[in-house]
Amino acid sequence: MKSPALALLACLAAAGSAPATEVPYFADNGYGNPVSSLQHPAGEYHEGVTYVAYQGPHEDPYVAAYVHATRRWIGPFQAGVSPMGKSPDQIDRAELDNHGKPALVVDREGYLHLVFGSHGGDPKHGRNPLGEFFMGTKGRMTHAVSARPRDISSWRVLDNIPPFGTYNQWVKLPNGDLYLFYRHGGHRSDWVYQKSVDDGRTFSPPLSVLKHKVSSLDPSVHDSWYAWFDNGRGDTITASYVYHPCANPKHTAHRQNTYFMQLDTRTGAWTNVQGRRLESPVTKESADQLTLIEATGTLRSTHGTCHIDEHGHPHAAFPVGQEVRYYRWDGSAWQAPAAVAAGAGRVNDGDFIIESPSRVRMILALATEAGSEIGWWNTADGGRTWKKGATLVASAERSFGLSALLRRAHPDALMLLASRHPADPHLYRQMLVVGERGPLTRPAAEAGHLGDRLERIKSLPPPNQDKAEAKRKKKAGLSDEDP
Ligand code: ZN
């Protein structure tokens with residue numbers, strides 16, 4: 001079956017130089033790596049509107065909204081200023097940090113909140129009590145809130161969170177309490193959360209979840225983590241994570257293993273998948289002993305996504321080596337991991353929807369010789385085998401970076417994507433929201449938001465390949481953003 005997304009793109013291609021009335025993107029001012037599955041949610045569906053946030057020009061946060069009833073886009077609007085951005089906008093990707101992209105949440109009153117702007121904070125902001133400045137930390141973690149409920153046009157900063165954070169993530173409980181998770185500094189820092197019971201006006205002090213410390217096995221290695229947090233069943237929060245042996249003096253990008261645990265927010269207790277209580281913050285030793293899903297050894301793992309089925313059992317997907325591996329707790333054990341889309345092409349991170357313990361639908365990015373696509377992969381046998389499903393968007397030339405699933409996503413607006421063309425002489429990206437029916441289109445005349453930016457960067461020197469390569473090597477292991 002030909003998907004509407006492909007039909008749309010084919011139709012746009014056929015239009016050639018004729019003015020296309022609708023384009024598959026809502027904005028053209030994504031910048032660098034505008035979205036990631038790690039800083040999440042990238043958006044939320046709330047009372048008929050899908051709100052999305054991404055990294056725009058100058059690495060500043062931008063917010064747009066889609067009104068489903070009228071099929072109209074609003075924005076994007078700039079929602080704050082990232083201290084990490086350079087002016088004018090750079091055309092050399094090595095000049096970008098890319099860690100300060102926003103995570104968005106809507107509170108009980110309909111105000112929108114963003115956290116953005118930091119890669120572990122800057123030493124000029126003082127001592128970091130829960131972590132270290134290491135590997136180029138910078139910026140200032142910033143909390144912005146919309147001036148009015150459900151209105152993305154005007155924002156103000158609330159100075160009520162520490163400046164030392166990165167990989168900011170929001171979890172909203174069913175009762176509206178907000179949990180802000182992040183790594184409290186550079187690689188060698190605790191992962192923490194702060195709780196707000198008053199719609200983000202105040203937060204409890206940071207509470208450590210995963211502990212950073214010198215490895216008990218090797219004094220030249222520091223225990224470090226990459227973690228992903230989301231709603232579990234009821235009032236629980238899941239943590240799926242990987243271990244980073246942060247090495248001295250020769251740093252490596254290695255990450256390994258996959259882990260799972262959950263927080264009961266009523267008691268504040270973390271438990272493993274069997275329900276055994278964990279001492280927190282969790283150390284490497286207790287993680288290995290009590291929360292390990294799979295020891296991947298020399299195979300590099302990357303943070304994944306995790307959801308809970310109707311029995312309260314976790315399912316998780318992690319990139320491991322060249323695969324995306326799916327894991328499912330069957331009530332007594334972790335089922336043997338299965339490679340989703342094995343042999344189909346190059347895959348990277350994705351997210352998934354559990355329809356029943358045995359039926360799961362996953363959105364994956366897939367690259368083949370024919371091009372790139374974002375599409376469904378489905379299992380009906382509890383994840384043992386996966387079949388390719390419909391394509392949400394595809395292109396022979398353009399590639400796509402993807403967010404995790406938007407929070408409470410409407411079927412027409414599941415995920416935020418950034419799309420780049422390899423021939424573009426700049427770092428601006430087209431921004432798309434895709435759903436079951438493909439991209440949410442917009443009149444071409446409304447989708448251009450670069451203003452005179454292409455003029456302003458014309459005087460910049462071309463990217464220095466040697467410098468970029470040296471910088472890339474130096475930064476290796478710093479993040480998911482740098483391949
Ligand atoms: Zn490290």
Side-chain angles (χ1 to χ4, degrees), residues 33 36-39 84 93-94 96-101 118-123 125 127-139 141 162-169 181-192 206 208-229 239-259 281-288 291-292 295-304 318-321 348-349 469-483:
N33 296 328
S36 160
S37 59
L38 195 48
Q39 288 90 347
M84 299 195 292
R93 61 188 297 276
L96 273 55
D97 182 274
N98 278 323
H99 286 73
K101 54 181 73 80
S118 178
H119 184 186
D122 192 305
H125 300 311
R127 194 182 74 85
N128 180 349
L130 294 168
E132 295 180 10
F133 301 104
F134 182 68
M135 299 284 294
T137 53
K138 56 183 155 171
M141 191 165 73
F164 315 109
T166 192
Y167 304 126
N168 31 279
Q169 305 172 32
F181 287 85
Y182 56 91
R183 193 181 68 196
H184 203 286
H187 286 200
R188 298 170 174 194
S189 305
D190 285 358
W191 282 79
V192 305
S208 292
V209 174
L210 288 163
K211 187 172 173 56
H212 82 97
K213 64 176 179 60
V214 174
S215 167
S216 59
L217 302 175
D218 182 347
S220 71
V221 169
H222 203 99
D223 295 337
S224 173
W225 308 94
Y226 288 85
W228 195 85
F229 302 90
S240 54
Y241 52 106
V242 301
Y243 174 69
H244 167 47
C246 192
N248 245 350
K250 279 196 90 159
H251 191 257
T252 79
H254 191 57
R255 298 162 200 186
Q256 65 193 59
N257 305 344
T258 55
Y259 302 89
V282 170
T283 61
K284 173 66 161 47
E285 290 71 30
S286 63
D288 281 350
T291 74
L292 186 68
T296 65
T298 56
L299 271 184
R300 186 180 196 267
S301 57
T302 307
H303 74 274
F318 289 88
V320 177
N348 51 39
D349 60 350
E469 179 64 12
K471 223 168 173 168
R472 193 189 66 77
K473 280 191 173 144
K474 192 175 158 210
K475 282 165 77 173
L478 247 187
S479 71
D480 292 327
E481 341 286 352
D482 309 299

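Atoms within each ligand, like the ligands themselves, are counted from 1 in listed order.
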### Cation-pi check, Arg127 onto Phe164 ring (under 6.0 Å, within 45° of axis)
no
Q. Side chains of Val282 and Tyr241: closer than 4.5 Å at any heavy-atom pair?
A. yes
min-distance N/O/S atom, His251 vs the Zn ion (ligand 1), resolves to NE2
Atom name of the N, O or S atom of His187 nearest to the Zn ion (ligand 1) is ND1
For Pro123, the side-chain contact (heavy atoms from CB on, under 4.5 Å) test, sequence neighbours excluded, returns Phe133
Residue set satisfying ring pair (Phe, Tyr, Trp, His ring centres under 6.0 Å) with Tyr243, at least two apart, ordered chain then number -> Trp225
At the Zn ion (ligand 1), NE2 of His244 and SG of Cys246 open up to roughly (10° bins) 120°
